[in-house]
Amino acid sequence: MPEAPAPWQLFVQPDQRSCGAAAMVVARFLGDPEYRTLLEGGSLTSPRTLAGDTALSERFKTETLAMHQRITGLADVSGKPQIPWPRKFGTPPWSVARQLSGTVGADGTRATYSWHLARTSLPGAYQRLLDASRSGRVSAIYVGTTCVPRHVALVVQATARGTLDVYDPARGRLDELDRLAFLGNRVEIAGWDVAWFVVTPEP
């Protein structure tokens, strides 16, 4: 995590389809100091201003839309070919895994990510998220109804209590997620309760 806290309230997805892309922008923002400075247009340790916040919010919107084009396009973050995905359907978990694999973590290194169906083993999925957070890595979680996944959020860190701080792109805020809520299909992220997929670093 960077020294200065992220201004979560400014990091809101620009449309209903870009939650996954917004999460990937935040993942890079947290791990890559140069990208963070570029997106900020300065330092968050300096006095905050309304004009500065507005500019950051606009840059976040622009970069999120660009990220959505990139991660659903013909090539992934490393330049390798991938099957394109219609953006009107959001961002698939395999594209998120490729993007996170190419994203620098807080320790300056990269890790290989893979996606997993959470519904087949909710305890195992939560443990994957917790292990990743405790190792200093972000992870993604897909949530929705009992019938279909609808939203992507970013697990930012673990707390001392064993809960997870989760960035919700729809609301531009951090939510706390505990194990019992995850296992009981009471996730409550952007109004969605059921965990579908997790995208985590490989052990």
* To do: Report the C-alpha distance between F60 and V12 in whole Å, list the side-chain angles of each, state the deciding distance to 0.1 Å, and finish with yes or no for side-chain contact (heavy atoms from CB on, under 4.5 Å).
  => CA-CA 8 Å; F60 181 79; V12 179; 5.7 Å; no
* Quick one: do V194 and R119 satisfy side-chain contact (heavy atoms from CB on, under 4.5 Å)? Show the steps, please. => CA-CA 8 Å; V194 179; R119 298 195 68 189; 3.8 Å; yes
* To do: Apply side-chain contact (heavy atoms from CB on, under 4.5 Å) to V166 and L154, showing your working.
  => CA-CA 6 Å; V166 181; L154 188 74; 6.0 Å; no
* To do: Report the C-alpha distance between V104 and T109 in whole Å, list the side-chain angles of each, state the deciding distance to 0.1 Å, and finish with yes or no for side-chain contact (heavy atoms from CB on, under 4.5 Å).
  => CA-CA 5 Å; V104 176; T109 67; over 6 Å; no
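For the atom pair SG of C19 and CZ of R150, the computed distance is 9.5 Å after rounding to the nearest 0.5 Å. Atom CH2 of W196 sits about 8.0 Å away from atom OG1 of T146, to the nearest 0.5 Å. L122 CG to R179 CZ: the interatomic distance, rounded to the nearest 0.5 Å, is 9.5 Å. Taking CZ from F182 and OH from Y126, the interatomic distance works out to 8.5 Å, rounded to the nearest 0.5 Å. If you take CG on L129 and CG on L177, they are separated by 8.0 Å, rounding to the nearest 0.5 Å. Atom CG of residue L100 and atom CE of residue M24 lie 4.0 Å apart, to the nearest 0.5 angstrom.
By the 4.5 Å heavy-atom criterion applied to side chains, I141 and F197 are not counted as neighbours. In this structure, the side chains of D165 and D175 stay at 4.5 Å or more apart for every pair of heavy atoms. Residues H151 and Q16 form no side-chain contact, since every pair of their non-hydrogen atoms from C-beta on lies 4.5 Å or further apart. Contact check for Q9 versus R173: no side-chain heavy atoms found under the 4.5 Å cut-off. Between Q99 and M67 the shortest side-chain heavy-atom distance falls below 4.5 Å. No side-chain heavy atom of S114 sits under 4.5 Å from any side-chain heavy atom of V199.
Remark: the H116 side chain and the R128 side chain contain an N/O donor-acceptor pair separated by less than 3.5 Å. For D15 and H68, the side-chain atoms include no donor-acceptor pair closer than 3.5 Å. No side-chain donor from either of R137 and T103 sits under 3.5 Å from a side-chain acceptor of the other.
Clustering ILVMFWY residues whenever any of their side-chain heavy atoms sit less than 4.5 angstrom apart, transitively, puts F89 in the very cluster that holds W94. W192 and V155 fall within a single hydrophobic cluster, where Ile, Leu, Val, Met, Phe, Trp and Tyr side chains are chained together by heavy-atom contacts under 4.5 Å. W115 and V198 sit in two unconnected hydrophobic clusters of ILVMFWY residues. Membership requires side-chain heavy atoms under 4.5 Å apart, directly or through other members. Under a hydrophobic-cluster definition in which Ile, Leu, Val, Met, Phe, Trp and Tyr are linked whenever side-chain heavy atoms come within less than 4.5 Å, directly or via other members, V26 and L10 are assigned to the same cluster. Under the 4.5 Å side-chain heavy-atom criterion for grouping Ile, Leu, Val, Met, Phe, Trp and Tyr, V152 is connected to L117 within one hydrophobic cluster.
Counted within 6.0 Å of CD on E176, heavy atoms from surrounding residues, nucleotides or ligands total more than 12; the atom is thus considered enclosed.
Pairing each heavy atom of V143 with each of A195, the nearest pair is CG1-CA, 4.2 Å. Listed here is the closest heavy atom pair of A140 and V96: CB-CG1, 3.8 Å. L65 and P14 make their closest contact through CD2-CG, 3.7 Å (heavy atoms, listed as atom of the first residue, atom of the second, distance). Scanning both residues, P7 and L56, for their nearest heavy atoms gives CG-CD2, 3.6 Å. Minimum interatomic distance between T91 and G20 (heavy atoms only, all atoms of both residues): OG1-CA, 4.1 Å. Across all their heavy atoms, Y167 and V156 have their closest contact at CB-CG2, 3.9 Å.
In this pair, F11 and F29 present their aromatic rings perpendicular. The plane angle is above 60°, beyond the 30 to 60° band.
Judged by distance alone, with hydrogens and angles left aside, the side-chain atoms of T145 form a donor-acceptor pair with the main-chain N or O of V148 at under 3.5 Å. Of the possible polar contacts, one joining the T37 side chain to the P33 backbone as a donor-acceptor pair under 3.5 Å is found. Remark: side-chain polar atoms of S95 are paired, donor with acceptor, to backbone N or O of I71 under 3.5 angstrom. Counting only distance, with no hydrogens or angles, the side chain of Q157 and the backbone of S133 share no donor-acceptor pair below 3.5 Å. In this structure a side-chain-to-backbone donor-acceptor pair under 3.5 Å is present from S101 to Y113. Checking side-chain atoms of T159 against main-chain N and O of T163 turns up a donor-acceptor pair under 3.5 Å.
E63 and R59 are not joined by a salt bridge, as no carboxylate oxygen comes within less than 4.0 angstrom of a charged side-chain nitrogen.
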